[in-house]
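Only one structure is covered here, and it is reproduced in the block below.
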Amino acid sequence: MSAIVNDMVIRFANVNGTGSASANSMFSKAIFRMGLPVSPKNIFPSNIQGLPTWYEVRINENGYLGRRAGIDVMVGINPQSFAKDMASVKPGGYFVYDSTKPLYEDMMREDIHFIGIPMMKISMDFFEVPRLQQLFKNIIYVGALAALLDIEMEVIKQIIEEQFEKKPKLVPPNFKALDAGYNYAKEHYDCPLNVRLERRDNVGDHILMEGNEATALGAIYGGATVAGWYPITPSTSVVKAFETHCKKLRIDPKTGKKNYAIVQAEDELAAMGMVIGATWNGARAFTSTSGPGVSLMSEFIGLAYFAEIPVVLVNVQRGGPSTGMPTRTQQPDILSSAYASHGDTKHILLFPSTPTECFEMMADCFDLADRFQTPVILMSDLDLGMNDHMTKPLKWDDNRTYDLGKVYDAEDLEKLEEYGRYLDIDNDGICYRTIPGTHPTKGSFFTRGTSRDEYARYSESGAVYVRVVNRILKKWETAKKYVPKPQMYQEEYKSKKGIIFFGTTTYAALEAMEMFEKEGIKLDAMRITAFPFNETVEDFIEQHEEIFVIEQNRDAQLRSLIINELDIIPAKLIKAVNYDGMPITAQTIMDLIMEKLSVAINN
Amino acid sequence: MSAIVNDMVIRFANVNGTGSASANSMFSKAIFRMGLPVSPKNIFPSNIQGLPTWYEVRINENGYLGRRAGIDVMVGINPQSFAKDMASVKPGGYFVYDSTKPLYEDMMREDIHFIGIPMMKISMDFFEVPRLQQLFKNIIYVGALAALLDIEMEVIKQIIEEQFEKKPKLVPPNFKALDAGYNYAKEHYDCPLNVRLERRDNVGDHILMEGNEATALGAIYGGATVAGWYPITPSTSVVKAFETHCKKLRIDPKTGKKNYAIVQAEDELAAMGMVIGATWNGARAFTSTSGPGVSLMSEFIGLAYFAEIPVVLVNVQRGGPSTGMPTRTQQPDILSSAYASHGDTKHILLFPSTPTECFEMMADCFDLADRFQTPVILMSDLDLGMNDHMTKPLKWDDNRTYDLGKVYDAEDLEKLEEYGRYLDIDNDGICYRTIPGTHPTKGSFFTRGTSRDEYARYSESGAVYVRVVNRILKKWETAKKYVPKPQMYQEEYKSKKGIIFFGTTTYAALEAMEMFEKEGIKLDAMRITAFPFNETVEDFIEQHEEIFVIEQNRDAQLRSLIINELDIIPAKLIKAVNYDGMPITAQTIMDLIMEKLSVAINN
Amino acid sequence: MTYIKPTFRHPALPKNKISFAKADYEGAISTLCAGCGHDSISGSIVQACYEMSIEPHKLAKISGIGCSSKTPTYFLSNSHGFNSVHGRMPSVTTGANMANRDLIYLGVSGDGDTASIGMGQFVHAIRRNLNMVYIVMNNGCYGLTKGQDSATADFGSVSKPGSVNQFQAIDLVGMALELNATFVARSFSGDKTQLIPLIKAAMSHPGFAFIDVISPCVTFNNNKGSTKSYDFVRDHIEATSVLDFVPQKDEITVSYEEGNSATVPLHDGSLIELRKLSPEWNPTDRYSAFVRLQKAKMKGEILTGLLYIDPESTELHDLMGTTDVPLNTLREAELCPGNATLESINQNFR
Amino acid sequence: MTYIKPTFRHPALPKNKISFAKADYEGAISTLCAGCGHDSISGSIVQACYEMSIEPHKLAKISGIGCSSKTPTYFLSNSHGFNSVHGRMPSVTTGANMANRDLIYLGVSGDGDTASIGMGQFVHAIRRNLNMVYIVMNNGCYGLTKGQDSATADFGSVSKPGSVNQFQAIDLVGMALELNATFVARSFSGDKTQLIPLIKAAMSHPGFAFIDVISPCVTFNNNKGSTKSYDFVRDHIEATSVLDFVPQKDEITVSYEEGNSATVPLHDGSLIELRKLSPEWNPTDRYSAFVRLQKAKMKGEILTGLLYIDPESTELHDLMGTTDVPLNTLREAELCPGNATLESINQNFR
Ligand SMILES: Cc1ncc(C[n+]2csc(CCOP(=O)(O)OP(=O)(O)O)c2C)c(N)n1
Ligand SMILES: Cc1ncc(C[n+]2csc(CCOP(=O)(O)OP(=O)(O)O)c2C)c(N)n1
Ligand code: SF4
Ligand code: SF4
Ligand SMILES: [Mg+2]
Ligand SMILES: [Mg+2]
């Protein structure tokens with residue numbers, strides 16, 4: 001059997017709370033620095049310590065970044081899950097385990113290779129403190145893998161040096177552990193294995209970053225100064241990263257004081273109230289949450305929609321409904337976000353699919369919210385937010401200025417005969433607001449969630465109400481021209497069949513496209529990046545006869561949204577859904593679509 | 001001009017907080033007792049005292065109960081709104097006013113009749129206390145109207161006697177005021193007017209009742225023992241009526257104690273939490289709210305959906321979004337109720353269109369909620385809930401028993417090998433629950449909003465999750481057979497065109513049907529009464545080429561729901577929406593549809 | 001329906017230091033019931049702002065939902081106002097304050113709005129010592145939804161339809177004290193002499209300044225047996241002190257007897273002058289305020305006046321170390337670190 | 001992941017009065033961190049229920065979301081349990097209790113679950129004197145979301161990453177007292193001798209019985225500088241009393257010195273025997289409890305034990321006049337007035 005180079009899935013089975021996360025990400029980073037595309041996924045329990053947790057890394061030199069089923073190498077460190085872990089290895093694959101204690105013979109499979117490394121024993125030989133023995137055990141298996149898979153030791157060592165830049169004393173013991181693991185493997189096994197790595201130059205200037213971190217940076221670059229939030233998995237790290245970066249990037253150089261304010265709210269309702277108060281008062285503000293939080297915010301979202309207040313909300317989606325699968329990924333909040341709140345409402349959604357897009361779109365959210373004076377929701381998910389992704393470097397155009405939308409300043413007001421907060425002066429549905437404190441006698445108005453006339457006066461007149469809500473709908477039409485365009489994956493259409501996808505489904509979908517290509521099936525592809533849908537979206541659908549909409553939710557919610565908003569014939573849009581909480585794979589997409597390809601493949 | 005008999009719209013323009021409501025409803029009741037169908041509407045401000053408020057009564061011997069535009073007789077008692085009120089009278093109509101002070105000449109229109117009755121003067125002549133002068137002024141205009149329109153005085157007097165049954169001292173002064181108004185009109189005007197009334201026998205055994213009152217009775221008959229609620233217009237009177245009737249009907253005869261518990265919650269979240277706790281614990285419970293409350297409840301609704309707990313929620317809809325038009329009617333919460341909460345969720349909705357149906361469907365809600373262990377929402381609205389409607393008498397089949405759904409009792413548990421809360425034993429998606437306290441050692445389980453297996457054990461397995469949510473979908477399929485069927489208005493289809501409507505749109509829609517008929521346009525009609533939609537709904541849509549969906553919201557939300565759930569070609573369903581907060585009229589429907597009737601009318 | 005008053009002002013009207021007439025602090029004509037306590041409170045707010053020479057655009061008025069929460073329409077029409085959603089005024093005010101620390105934030109709420117649906121937000125605004133004036137117009141009932149008992153209705157209080165309240169009242173002043181609020185007062189809508197200086201002092205206080213104002217609902221809760229009726233309150237009121245507010249730089253004009261008087265200097269240089277009516281109590285000692293309040297409750301007295309003030313109060317922005325400039329004035333130059341920085345950030349992720 | 005313990009019980013295990021072994025009161029194996037205070041509290045709950053001979057199916061355990069709220073899975077597997085949503089345990093418990101007044105309701109919550117998102121519901125359950133035991137497992141942080149400060153974190157307390165809390169702590173015990181709770185106690189997860197009798201007394205109390213249990217989070221808030229660490233709490237604890245719970249009909253076995261001891265008879269005939277450790281305090285006098293608590297706070301003491309109990313407590317059902325039979329047992333006969341009644345109702349609407 002010839003060696004399989006640079007194409008594998010390796011899974012680490014750990015116990016959570018044992019410090020494995022840092023060793024595991026060191027592993028991924030090393031491979032990434034060898035010029036190889038990696039795609040790591042955390043599969044963790046909703047608990048703090050002592051339960052099985054997995055870290056799965058796909059390595060593929062061709063740059064397929066979606067998840068792939070089938071495990072080539074399992075690093076089984078957790079006796080609790082041995083049986084299950086062993087069972088999940090592909091025939092011919094490897095099970096690397098801690099051989100300090102022997103494996104039960106009867107657990108072992110004939111069709112896979114067992115590689116025992118006495119990790120704990122080695123660690124105990126070198127280190128005395130139990131906590132350190134535990135920690136270095138993780139480094140030991142990284143060392144062993146370096147030998148087994150042919151990872152460059154210098155690369156790992158460099159990472160260790162960087163990591164402990166401020167605690168250089170920790171470098172030597174880490175090296176010692178690393179070498180110990182490496183040497184043990186070298187001495188006892190035929191290294192490298194049949195599944196192995198080789199340096200390439202396939203990552204360009206890409207970076208390896210979590211979506212939530214990128215979102216936080218987008219908020220900083222986008223000019224957010226206020227954040228109100230409440231902790232919830234998987235969104236917590238958005239505001240955490242925002243704070244970490246603010247502490248470096250947003251300290252007033254003269255006074256040492258903060259050019260930002262972050263308030264940990266008492267709940268999600270309050271978090272959204274804070275955002276509304278802050279943006280009403282002229283700051284850029286955001287909050288970040290997940291499904292349950294969005295449900296709790298929905299009354300407030302309706303207020304922002306109707307009173308026309310900019311809001312930026314990050315929804316890092318997780319498995320629903322209710323508390324659902326809080327540590328698993330899904331895209332299940334499309335409808336509840338698009339139509340959040342009672343009454344006739346619709347909200348702008350942006351769908352990033354990479355950390356780079358999290359960064360860019362998050363910054364865009366603020367411009368869109370200010371321009372349209374309405375809620376804008378960044379629809380991320382657990383997979384995107386909490387896993388490292390290989391992604392284009394973040395870039396900022398230094399000439400870019402913030403689009404604060406239509407705001408009258410004191411000078412403007414001075415010139416005005418009479419100010420009317422809700423006058424549609426430019427006939428695009430968007431009105432001019434003023435910020436409290438602008439002018440001593442002009443421009444103040446009363447904001448409310450009730451019906452009001454063009455001068456912001458309370459009104460119970462049906463005619464006035466209809467005028468207002470129709471104008472808000474006009475604003476929606478205007479928005480179609482401003483939101484990001486969909487991404488197309490062909491110069492010109494080459495098939496009557498197409499696929500639509502969005503967000504974290506992208507990598508798997510693109511990989512599936514190549515698989516179809518190989519099968520001789522041609523499909524056109526479009527990635528939705530925003531709601532409302534613009535003309536390009538309509539055109540794609542019009543030009544195709546049969547379109548598969550790939551989603552990670554049960555009820556095919558994006559499909560519903562498209563049908564409803566664009567008046568599409570439902571039969572044209574075929575559901576292709578996967579909702580088990582694991583990131584979707586190209587194979588799943590392939591299977592879902594093949595099963596449904598109803599007519600003979602033409603062209 | 002020949003007299004117009006038994007066909008008019010009369011509007012009372014009052015100041016709120018002045019006691020006019022009781023005089024006005026006395027007026028309607030008297031006409032109703034003359035065997036004439038009446039349809040009164042309150043058009044009131046969101047305030048307590050001192051602002052304009054209107055009471056509009058349509059009287060029509062043919063039984064058209066929808067609102068009709070055009071005012072034949074305006075009773076203008078409120079100087080604040082004189083100008084507007086006068087302007088709204090139909091040419092040839094009447095403006096009846098308090099002539100104690102003269103009208104400004106220049107306000108007066110040439111094309112209508114002015115009938116001055118010195119109401120306040122008469123009242124001051126008879127009564128001394130200012131508060132009483134104010135109150136009896138209202139009775140005086142009722143008396144005058146009796147003369148002007150030919151209402152039978154004995155009928156009114158009887159109503160007064162009944163009303164003051166417990167305070168008989170109040171009868172004579174009321175009679176005095178009534179007679180005074182009557183006599184004054186008789187003496188000074190040519191009575192009756194050209195627009196007048198005549199006794200008929202056109203109300204059968206119908207009653208005149210508000211929807212909220214009927215809903216409350218439905219809760220009592222349906223066996224609700226627990227209500228948690230929070231005040232909000234227009235739903236407050238549901239629980240208020242529930243309490244009033246409970247005090248009479250639900251007192252334990254032996255102990256004098258209450259066979260019910262009503263808790264005024266601290267907010268809507270808590271109200272829903274109470275319902276969930278109570279039904280989980282085996283009682284029938286409900287709450288009642290309006291749009292903002294539903295938004296606030298949405299996290300909890302998702303819990304009930306996913307953890308499979310029966311919930312009965314009354315949504316008395318009002319003008320949205322946000323605080324919107326809190327005292328105006330709309331049907332704007334269809335989507336936000338159907339898909340309330342994050343994640344993949346769907347909820348059973350029932351759409352009553354008369355108080356009688358409020359009663360019946362409310363009782364049904366409890367059976368459906370218990371059977372399907374899921375939220376069931378009664379979709380009422382302000383028009384239905386807070387206005388009197390002529391409606392069939394309430395009936396209860398004394399042989400009816402409560403369908404408590406699948407619940408194991410101690411005996412059942414005793415027989416079981418192993419109990420699994422979420423086992424789909426009957427293959428209909430519905431599982432057997434147990435009530436706390438049932439059995440000392442068997443049948444207890446753990447309820448949670450997270451993913452769990454068939455034995456109610458917490459699970460993070462994707463496969464388990466998929467099994468559970470698919471079963472819940474199966475339950476949804478089962479529900480289609482249980483929810484009320486749509487109402488059809490033809491023996492067999494007679495056209496390729498149809499209309500769909502629901503709730504309070506019904507009367508106007510039926511009247512419009514007759515108008516179309518007169519124009520030679522044939523339409524088939526279906527009234528939706530429940531979501532999920534069952535086969536009959538599908539069949540109706542399939543059998544027609546062009547269908548108008550009549551709704552009282554901006555975004556045609558029922559239409560969206562139908563398209564999405566039944567995969568209907570959107571072009572087939574044409575929006576016909578009115579959303580100014582006033583109950584829709586037949587003429588509006590006619591206009592909306594005529595404008596859109598795209599193809600030449602055939603058959 | 002909003003009534004717009006004529007804006008013509010007689011030139012001879014008296015003006016305050018910044019040349020505004022009292023009328024410049026008024027709002028639209030009230031649509032509340034004639035005689036509603038809330039309107040009196042609006043009047044006191046107008047008077048206090050006029051006398052304090054507050055620039056109307058430097059004040060933001062924020063409320064929830066209810067008759068009380070409508071009042072911001074009826075005062076200070078030259079100020080921006082925000083009638084938000086039921087019970088959520090505190091969070092909206094928190095956000096507004098974060099965006100611009102330089103305005104005065106006047107939050108208005110009702111007892112339903114605060115003590116029921118808004119309880120959580122109330123508690124947490126106190127905990128953060130948010131720099132705002134928080135006025136509850138407390139009538140013991142839900143006015144706008146037609147008179148249901150609220151959570152501040154007293155045990156045993158009789159409602160208009162005659163039912164007797166079975167639950168213990170939530171005493172918002174007691175809660176504020178327990179929660180370490182830095183300015184705690186109670187007053188009565190009918191007592192402008194007390195309320196106006198309290199509002200002024202509250203506006204000068206750097207931190208959370210709470211005033212629970214008992215404000216009879218004449219339509220639904222002014223009946224016999226109600227403990228929030230005008231008559232009952234007037235008869236059971238007990239003040240901690242007679243107080244005067246002396247703005248920054250003004251001369252002290254009142255002078256009380258030695259021993260019974262106290263002067264509390266505020267952060268901005270203004271002073272509160274108090275003539276104490278109960279000797280064991282000290283307005284800057286939380287423990288004594290606690291004891292005084294508990295004793296009043298046991299006696300069935302409604303204790304009013306300034307109960308407690310922390311002259312050392314540090315408001316939220318200072319606790320957090322926010323910059324002195326309002327955040328809403330910062331632009332690209334201060335906020336956007338630029339592409340070069342981003343490139344070095346990228347480098348950490350390779 | 002739920003671990004199922006073997007259900008086989010050794011026949012010789014000691015049994016309580018209703019023939020249940022202690023193991024019959026246990027739950028699934030805990031998935032909390034080794035050493036977590038919450039697990040100790042679960043242990044005390046198990047012990048208390050075992051000793052009280054509670055029929056497991058006559059108790060319902062309800063919680064919100066958090067590490068603390070997970071614990072009901074880890075005790076009493078023969079009881080129905082409900083892990084609801086974050087901060088909403090009190091309302092779910094209220095509903096459950098309305099449906100069946102005959103069960104014991106044991107609500108478990110965390111400090112995040114109660115003092116932040118759940119504040120409103122906590123306050124209102126107290127106000128209604130809902131008949132339940134309300135245990136907060138108070139670790140001053142959000143365990144399950146990885147250690148953020150909660151609203152009970154003390155001013156100046158240092159978090160694991162080293163930041164110093166700037167906000168005043170919410171003292172749930174102080175709030176409960178202020179809100180007229182009828183049973184108020186505080187304890188420490190490490191002090192089972194105190195906690196077990198407190199839980200028993202709470203279960204016997206007809207009304208809202210609140211126990212704030214300080215319960216160190218060993219993973220995120222057990223560091224130096226934290227005022228909720230095991231060591232800090234142990235060093236600063238101050239008890240009001242040593243107490244014993246004597247169930248209904250049991251003989252009194254403990255006896256304390258005259259003068260310092262108090263016996264509080266409960267509604268159901270059981271007794272609380274107290275040896276008072278602070279003389280000025282009287283467990284049935286709310287004012288003295290107030291004063292004692294305030295003084296302890298000023299001294300930096302963490303006051304534990306039973307702080308206050310109202311032996312005359314009337315629980316919500318009795319305040320409302322609900323029938324004695326559980327409402328969930330009523331059927332058509334009691335609930336449905338029948339068609340004849342309906343006909344006469346119709347008559348009123350003609
Ligand atoms: C979410 C929500 N629930 C309920 C209401 C209905 N509502 C309007 S005002 C009010 C109570 C007002 O009481 P309070 O705050 O005491 O003000 P008051 O009218 O007594 O001054 C309620 C329940 C609402 N507007 N929003
Ligand atoms: C609506 C909602 N918001 C946020 C969360 C995330 N969350 C889960 S537990 C928790 C805090 C738990 O803290 P605490 O109640 O103190 O419990 P502990 O884990 O410390 O025992 C939060 C914020 C959630 N589950 N639901
Ligand atoms: S109902 Fe009561 S609170 Fe509302 S305006 Fe009238 S008097 Fe004031
Ligand atoms: S994180 Fe803290 S509270 Fe949660 S289980 Fe671990 S020690 Fe306990
Ligand atoms: Mg009130
Ligand atoms: Mg905690």
Side-chain angles (χ1 to χ4, degrees), chain A residues 32-33 207-209 217 220-221 223 225-226 228 249-250 252 255 257-261 263 265-267 269-283 285 299-300 303 393-398 401-402 435-441 444-450 457-460, chain C residues 1-2 4 24 28 55-58 60 62 65 72-73 77-85 88 90-100 102-103 120-121 123-124 128 316-317 320-332 334-339 341-343 345-346 349-350:
Chain A
F32 184 65
R33 289 204 181 166
I207 57 175
L208 199 59
M209 189 184 257
L217 285 165
I220 291 187
Y221 276 74
T225 52
V226 176
L249 305 173
R250 280 285 191 76
D252 185 71
T255 60
K257 292 188 174 184
K258 295 175 178 168
N259 280 338
Y260 64 96
V263 181
E266 56 273 29
D267 59 19
L269 290 91
M272 180 49 80
M274 289 173 193
V275 172
I276 288 176
T279 56
W280 173 77
N281 215 2
E299 188 198 18
F300 252 141
L303 172 70
L394 312 187
K395 273 199 192 119
W396 187 259
D397 174 359
D398 283 332
T401 53
Y402 299 150
I435 306 301
T438 301
H439 191 286
T441 54
S444 72
F445 69 95
F446 209 87
T447 305
R448 49 181 113 237
T450 48
R457 289 175 304 218
Y458 179 71
S459 168
E460 290 177 355
Chain C
M1 210 119 325
T2 306
I4 306 300
D24 295 317
E55 295 177 90
H57 72 303
K58 293 289 184 196
I62 303 176
I65 300 277
T73 307
S77 29
N78 277 318
S79 302
H80 270 70
F82 195 158
N83 200 179
S84 65
V85 285
R88 315 298 174 192
S91 64
V92 174
T93 308
T94 306
N97 188 313
M98 292 304 93
N100 182 356
D102 277 0
L103 304 186
Q121 299 211 340
V123 165
H124 284 268
R128 296 187 189 103
L316 178 54
H317 276 291
M320 299 200 307
T322 323
T323 190
D324 301 331
V325 186
L327 291 176
N328 70 356
T329 61
L330 305 181
R331 290 292 177 271
E332 292 83 352
E334 298 89 1
L335 301 179
C336 187
N339 194 47
T341 306
L342 202 52
E343 270 172 17
I345 292 172
N346 282 330
F349 292 89
R350 278 179 185 132

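Small disclaimer: the values here were computed from a predicted structure and weren't measured. Throughout, protein chains are lettered first and strands after them, A, B, ... in sequence-line order, and every chain is numbered starting at 1.
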With a 4.5 Å cut-off on heavy-atom pairs, point out which of [options] contacts chain C the most.
options                        : answer
A:H439, A:R250, A:E266         : A:E266
A:Y402, A:F445, A:Y260         : A:Y402
A:D252, A:T279, A:I220, A:I276 : A:I220
A:G437, A:A271, A:A265, A:A261 : A:G437

Could you go through the side chain to side chain contact (heavy atoms under 4.5 Å, CB included) check for A:I435 and C:N100 one step at a time? CA-CA 10 Å; A:I435 306 301; C:N100 182 356; over 6 Å; no
Against chain C, label [X] side chain, backbone, both or neither, depending on which of its atoms sit under 4.5 Å from a heavy atom there.
X      : answer
A:A285 : neither
A:L208 : both
A:Y221 : both
A:T450 : neither
A:N259 : both

In terms of heavy-atom pairs under 4.5 Å, which option from C:T93, C:N97, C:D324, C:T329 contacts chain A the most? C:D324
When C:G81, C:P56, C:A99 are compared by non-hydrogen pairs under 4.5 Å with chain A, the top option: C:G81
Checking A:K258 against C:T323 for the side chain to side chain contact (heavy atoms under 4.5 Å, CB included) test, could you report, in this order, the C-alpha distance in whole Å, the side-chain angles of both residues, the deciding distance, and whether it holds? CA-CA 5 Å; A:K258 295 175 178 168; C:T323 190; 6.0 Å; no
Within this structure, what is the [atom1]-[atom2] distance for the pair [X] and [Y], rounded to the nearest 0.5 Å?
X      : Y      : atom1 : atom2 : result
C:Q121 : A:D267 : CD    : CG    : 6.5 Å
C:L342 : A:L217 : CG    : CG    : 7.0 Å
A:Y458 : C:N83  : OH    : CG    : 10.0 Å

May I have the step-by-step check of side chain to side chain contact (heavy atoms under 4.5 Å, CB included) for C:F349 and A:L394, ending in yes or no? CA-CA 10 Å; C:F349 292 89; A:L394 312 187; over 6 Å; no
Indicate the ring-plane relationship of A:W280 and C:H80, choosing parallel, tilted or perpendicular according to the 30° and 60° boundaries. perpendicular
Kindly determine whether A:F300 and C:V92 satisfy side chain to side chain contact (heavy atoms under 4.5 Å, CB included), including the steps that lead there. CA-CA 10 Å; A:F300 252 141; C:V92 174; 3.8 Å; yes
Main-chain N/O of C:N78 paired to A:T441 side chain as donor or acceptor, under 3.5 Å: no
